[in-house]
Amino acid sequence: MSRRILVVVGHPDPSPDRMCRGLAKAYAEGAEQAGHAVHQIDLAALDFPILRTMQEYEHGAIPDSLKDATDAIVRAEHIVFVFPLWQGTMPALLKAFLEQVMRPGTAFAYPDKGGGFPKALLRGRSARLVVTMGMPSIFYRLWFLSHGIAGMRRSILRFAGIRPVRETLFGMVAGASDATRAKWLGHMRRLGGRAL
């Protein structure tokens, strides 16, 4: 069954040589070859402001430069975020993007009477976090407990109703051989083909 897939490239560096771009491209190719509808967003190509106040977050308009991205998130059935691990978590550009697009009215709704829990508005969607890093991925999982990724999974995506949220971690990226990189790209194509 065909799915609507959104691939978000969260690497701030626009260089086409970044491994994140190769992984995202491989996933999209695999998904398209399997008949899935794929939409891609490259955050390095977007210009948008950061949020600075709660008032702006709750009541301000989503910037024009992010309206298409917000609509793509709402339309998507599966969302893939591809980004490098910077200081143990996502780059600031990706965090700023998520703060803009995962707002009240899009990702969740406050209770009508001011009490109780917010209502998740993005139920029925799944996600995958594809993360590159300089350290061994097993070290990030066991020693650091994947804390930066866990925060994104629990506090942003699951809070909005997106589940399951799966993870694919690629460690020691800078020193990876061509054969290892080719293996990673093949893995991403297979994941894309299965819309996982």
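Considering only heavy atoms from C-beta on, Val9 stays 4.5 Å or farther from Leu43 through its side chain. Within the 4.5 Å cutoff, the side chain of Glu167 has no heavy atoms near those of the Val131 side chain. Within the 4.5 Å cutoff, side-chain heavy atoms of Met135 are placed close to those of Leu85. The shortest side-chain heavy-atom distance between Val80 and His78 falls under the 4.5 Å cut-off. Contact check for Leu121 versus Thr106: no side-chain heavy atoms found under the 4.5 Å cut-off. At a threshold of 4.5 Å between non-hydrogen side-chain atoms, the residues Met19 and Trp184 count as touching. Between Tyr27 and Ile5, some side-chain heavy-atom pair lies under the 4.5 Å cut-off. At least one side-chain heavy atom of Tyr57 sits under 4.5 Å from a side-chain heavy atom of Arg103.
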Discussion item. Using the rule given for side-chain contact (heavy atoms from CB on, under 4.5 Å), can you reason through Met90 versus Met152, listing the C-alpha separation, both sets of side-chain angles and the distance that settles it, and then say yes or no?
Written reply: CA-CA 8 Å; Met90 70 186 91; Met152 180 180 181; 3.7 Å; yes
Worksheet item: Is there a side-chain contact (heavy atoms from CB on, under 4.5 Å) between Ile149 and Thr89 once you walk through the steps?
Response: CA-CA 6 Å; Ile149 296 171; Thr89 190; over 6 Å; no
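Taking all atoms of both residues into account, the shortest heavy-atom contact from Leu93 to Pro12 is CD2-CA, 3.8 Å. Ala174 and Arg181 make their closest contact through O-NH2, 3.9 Å (heavy atoms, listed as atom of the first residue, atom of the second, distance). For the residue pair His147 and Tyr140, the shortest heavy atom distance occurs at N-OH, 3.8 Å. The heavy-atom pair separating Gly134 from Met172 by the smallest distance is O-SD, 3.1 Å. Considering all non-hydrogen atoms of both residues, Ser65 and Leu46 come closest at O-CD2, 4.1 Å. Residues Ala44 and Asp13 come closest through the heavy atom pair CB-C, 4.2 Å.
Considering NZ of Lys25 and SG of Cys20, their distance stands at 15.0 Å, rounded to 0.5 Å. Between Leu191 atom CG and Arg128 atom CZ the span is 4.5 Å, to the nearest 0.5 Å. In this structure, CD1 in Ile41 is found 6.0 Å from CD1 in Ile73, a value given to the nearest 0.5 Å. Atoms CE and NE2, on Met54 and His59 in that order, are 9.5 Å from each other to the nearest 0.5 Å. Here the OG1 atom belonging to Thr180 is positioned 11.0 Å from the CG atom belonging to Leu185, to the nearest 0.5 angstrom. To the nearest 0.5 Å, the span separating NE2 on His36 from CZ on Arg194 amounts to 10.5 Å.
Aromatic ring orientation, Trp143 versus Phe139: parallel (interplanar angle below 30°, classes split at 30° and 60°). Relative ring orientation between Phe170 and His187 is described as perpendicular, the plane-to-plane angle rising above 60° on a 0-90° scale split at 30° and 60°.
The backbone N or O of Arg163 lies less than 3.5 Å from no partner atom in the side chain of Arg158, so there is not a single donor-acceptor pair. Checking side-chain atoms of Arg153 against main-chain N and O of Val165 turns up no donor-acceptor pair under 3.5 Å.
Under the 4.5 Å side-chain contact rule for hydrophobic residues, Val8 and Ile156 share a cluster. Using a 4.5 Å cut-off between side-chain heavy atoms of Ile, Leu, Val, Met, Phe, Trp and Tyr, with links allowed through other members, Leu122 and Val7 fall into different hydrophobic clusters.
Using a 3.5 Å distance cut-off with no hydrogens or angles, the side chains of Arg3 and Ser126 do pair a donor with an acceptor.
Between Glu29 and Arg189 there is a salt bridge, with a side-chain nitrogen of the basic residue lying less than 4.0 Å from a carboxylate oxygen of the acidic one. Comment: Glu99 engages Lys95 in a salt bridge, judged by a side-chain N to carboxylate O separation of less than 4.0 angstrom. With respect to the salt-bridge test (charged N to carboxylate O, under 4.0 angstrom), the residues Asp64 and Lys67 qualify.
With His11 as reference, Trp86 is the one residue of Trp86, Phe97, Phe83 to meet the ring pair (Phe, Tyr, Trp, His ring centres under 6.0 Å) rule.
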